[in-house]
Amino acid sequence: MLSLKYIRENIDLVKKSIAAKNVDFDLAKLLEYDKKRRDIIQEVESLKANRNIINKKISSSNNVKDNIDIMRSISKDIKKLDIELNTILSKINNDLLYVPNIVDSSVPIGVDESSNVIVREWGKKPEFDFDIKGHLELSEKHRLLDFKSASKISGSAFPLYTQIGAKYERSLINFMLDTHIAEHAYSEVLTPFIVSSSAPRTTGNLPKFKDDMYYIELDDMYCIPTAEVPVTNIHSKSILNEDELPKKYVAYSPCFRREAGSYGKDTKGLLRVHQFNKVELVQFVHPDKSYDVLEDLLLNAETILQKLNLHYRVVSLASGDLSFSAAKCYDIEVWSPFENKYLEVSSCSNFESFQARRGDIKFRSNKTNKVDFVHTLNGSGLATPRLMVALLEAYQKENSDIEIPGVLRPYLNVNKIKSK
RNA sequence: GGAGAGGUGUCCGAGCGGUUUAAGGUGCACGCCUGGAACGCGUGUAUGGAUGAAAAUCCAUCGGGAGUUCGAAUCUCCCCCUCUCCGCCA
């Protein structure tokens, strides 16, 4: 969320960002509401000031009767104006939730992903001198996944990991958590996976993207689409000390996504699923530092792929591909040899004060003793399904055995997944 | 699910219709005192909003919302949250 004041004082920038993100929003109407709001406030506040003065006269007695008559009429006027003000305020507050975050000046401008900019590539595409198999065929052969049983349980696109597949998944999660905790100094949290509506409102998932989440009507709660949602809200409605910044959290969670509107796309196996596991990095930082931290956080996520020795590239998202809440975002895409394309395994975003405003997350400056909103950032570090695709495919041998990367061997206690 | 207790400023805690512009304490900051410190004394100490170049002035805020009243932290209703006990349950 942007503040009304900020919007009023940066109309051009806000207008530009709305256009750059391809968002439909009537800014002129909002500014008109704001003008009306300020007019009413001035009127009603002078009445209230008057009310306070007369109230004091009544309590210090003499002329009580006359003053009560005056108070009656003032109170009537105040009540009328307050209703008018509340009406306009609720319109404004609702509209504000639909204003997208501003776009950082370093973000490439473009309507969609075709304008994304490749920032760097790491490693190189593995080469094979035999016909390679895809992750589905490999996991079927080694009984790592059982989509058939899963569909009986939950329908399509819910993975059921079995035997060494399940252990592999668990190992990946632990490996990633351990790496971020030990090498990047994140502190681990394990959060609720079902949240009330205020949490996704903070992060920007609500109100605009309600249909992307699983909703539990009976309790008016949501299954989290990412650990970003609960973790970002750890510090909602509070003022942190500047000394406490940066706050760095790493959280494993399952992620639940309805993926409405994406049917028919990436339907094979693990490429797009309704439930997946992810290790998420979240930081609360001083506003001056957030763009440096974004680069750090990106490197933290990249470390995982480097340790797994998987080829990947980093992409800076164009304005039109940028999410509603983000000011800037990098995607990390891992190479899938069989799909013959890059698969998104991480998004690392700087939200600046956008989420902090929605969640009321502030810090008190040491120097000025004033409070200001923190900046929030997060990034997947990483999501497992497409990572698993890349791992199975890149590490397959001609006899279909799958080698286990060195860093995962202590977790899995085997060097290879062998045909039985 | 049932019964009860409670939600007040950084924190603790009083107030239960108009001397509350929220007592008192605590924490914090600054000043005085001191060789330096503690003690003591003094001053200040929130958030949001409106006007304003600024200084400042004003308005709102005692979990949230609605109501009663000339006037609500205080009375009424609805909701949320925390705690205790009971029931159910992994």
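Naming: A, B, ... by sequence-line order, numbering from 1 per chain. These numbers come from the heavy atoms of this one structure, side chains and all, not from hydrogens, waters or symmetry mates.
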inquiry  = Regarding R8(A), tell me which of base, sugar-phosphate or nothing describes its non-hydrogen contacts under 4.0 Å with the strands shown.
reply    = sugar-phosphate
ask   = For atom C1', what is the distance between rG24(B) and rA3(B), given to the nearest Å?
value = 35 Å
Separation between the P atoms of rU61(B) and rA73(B), rounded to whole Å = 7 Å
remark   = Scanning all shown strands, the Watson-Crick or wobble mate of rU69(B) with both distances under 3.5 Å is none
ask   = For S46(A) and E43(A), does a side-chain donor sit closer than 3.5 Å to a side-chain acceptor?
value = no
inquiry  = Expressed as a whole number of angstroms, how long is the span from L4(A):CG to rA50(B):P?
reply    = 8 Å
message = Tell me which nucleotide, if any, is Watson-Crick or G-U wobble paired with rG17(B) when both distances must be under 3.5 Å.
response = none
key: Pair partner, rG52(B) [Watson-Crick or wobble, under 3.5 Å]   = none
key: Donor on one side chain, acceptor on other, N116(A) and D321(A), under 3.5 Å   = yes
key: Spacing between D360(A) atom CG and rG64(B) atom P, to the nearest angstrom   = 13 Å
request  = Quick one: do Q355(A) and T202(A) satisfy side-chain hydrogen bond (donor to acceptor under 3.5 Å, both in side chains)? Show the steps, please.
outcome  = CA-CA 5 Å; Q355(A) 295 181 327; T202(A) 296; over 6 Å; no
message = Using atom C1' in both nucleotides, what's the gap between rG13(B) and rA23(B) to the nearest angstrom?
response = 10 Å
request  = Return yes if a side-chain donor-acceptor contact under 3.5 Å exists between E228(A) and T203(A), otherwise no.
outcome  = no
ask   = Without hydrogens or angle criteria, can the side chains of T162(A) and D146(A) be said to hold a donor-acceptor pair below 3.5 Å?
value = no
key: Separation between the C1' atoms of rC85(B) and rG15(B), rounded to whole Å   = 30 Å
ask   = Quick one: which of rG48(B), rC70(B), rA50(B) gets closest to the side chain of I58(A)?
value = rC70(B)
query = When the distance from CZ of R37(A) to P of rC59(B) is rounded to whole Å, what number comes out?
reply = 18 Å
message = Among rU47(B), rG71(B), rA50(B), which nucleotide has an atom closest to any side-chain atom of N55(A)?
response = rG71(B)
task = Could you tell me the separation between the NZ atom of K237(A) and the P atom of rU10(B), rounded to a whole number of Å?
result = 16 Å
task = Could you tell me the separation between the CD1 atom of I41(A) and the C1' atom of rG48(B), rounded to a whole number of Å?
result = 11 Å
query = Does rA23(B) have a Watson-Crick or wobble mate here (both distances under 3.5 Å), and if so which one?
reply = none
task = Please answer whether the main-chain N or O of N241(A) pairs with a side-chain N or O of R364(A) as donor and acceptor at a distance below 3.5 Å.
result = no
remark   = Comparing nearest nucleotides in RNA chain B, the 5'-proximal residue of the pair F373(A), N50(A) is F373(A)
message = Can you identify which nucleotide, out of rG71(B), rU51(B), rC58(B), has its nearest atom closest to the Q42(A) side chain?
response = rU51(B)
inquiry  = Less than 3.5 Å apart, any donor N or O on the side chain of T179(A) or K307(A) sitting next to an acceptor on the other?
reply    = no
query = Got a salt bridge between K133(A) and E393(A), using NZ or NE/NH1/NH2 to carboxylate O under 4.0 Å?
reply = no
query = Can we say E244(A) and K247(A) salt-bridge, meaning some charged N sits less than 4.0 Å from an Asp/Glu carboxylate O?
reply = yes
Atom-pair distance (CD1 on I239(A); P on rA46(B)), nearest Å = 11 Å
message = Can a side-chain donor-acceptor contact be found between E352(A) and S290(A) if the only test is distance below 3.5 angstrom?
response = no
Whole-Å P distance, rC70(B) and rU8(B) = 31 Å
task = Please measure how far the C1' atom in rG63(B) lies from the corresponding atom in rG9(B), and state the result in whole Å.
result = 14 Å
request  = Identify, residue by residue, the members of residues 72-90 of chain A with a heavy atom below 4.0 Å from RNA chain B, and return them in order of residue number, or none.
outcome  = R72(A), S75(A), K79(A)
inquiry  = Does the structure show a Watson-Crick or G-U wobble partner for rC39(B), both distances under 3.5 Å? Name it, or say none.
reply    = none
ask   = Just checking, is any N or O donor in the side chain of H180(A) or Y249(A) under 3.5 Å from an acceptor N or O on the other one?
value = no
Base-pairing assignment for rA60(B) (Watson-Crick or G-U wobble, both under 3.5 Å) = rU47(B)
Counterpart base for rU34(B), defined by Watson-Crick or G-U wobble contacts under 3.5 Å = none
Would you list the protein and nucleotides 72-81 of chain B atom pairs, both N or O, that sit under 3.5 Å from each other?
none

inquiry  = Rounded to whole Å, please give me the gap between CD1 in I54(A) and C1' in rG18(B).
reply    = 14 Å
request  = Using both distances under 3.5 Å as the test, list the Watson-Crick or G-U wobble partner of rG4(B), or none.
outcome  = rC83(B)
query = Does OP1 or OP2 of rU47(B) have a side-chain N or O of R364(A) closer than 4.0 Å?
reply = yes
ask   = Would Y411(A) and D178(A) count as having a side-chain donor-acceptor pair, cut-off 3.5 Å?
value = yes
ask   = rC79(B) and rC86(B): how far apart are their P atoms, nearest whole angstrom?
value = 26 Å
key: C1' atoms of rG18(B) and rG31(B), separation to the nearest Å   = 38 Å
task = Please state how far atom NZ in K5(A) lies from atom C1' in rG48(B), giving the value in whole angstrom units.
result = 10 Å
message = At 4.0 Å (heavy atoms only), tell me whether V371(A) reaches a base, stays on the sugar-phosphate, or touches nothing.
response = sugar-phosphate
inquiry  = Between K362(A) and rG48(B), is there a contact of a side-chain N or O with OP1 or OP2 at under 4.0 Å?
reply    = yes
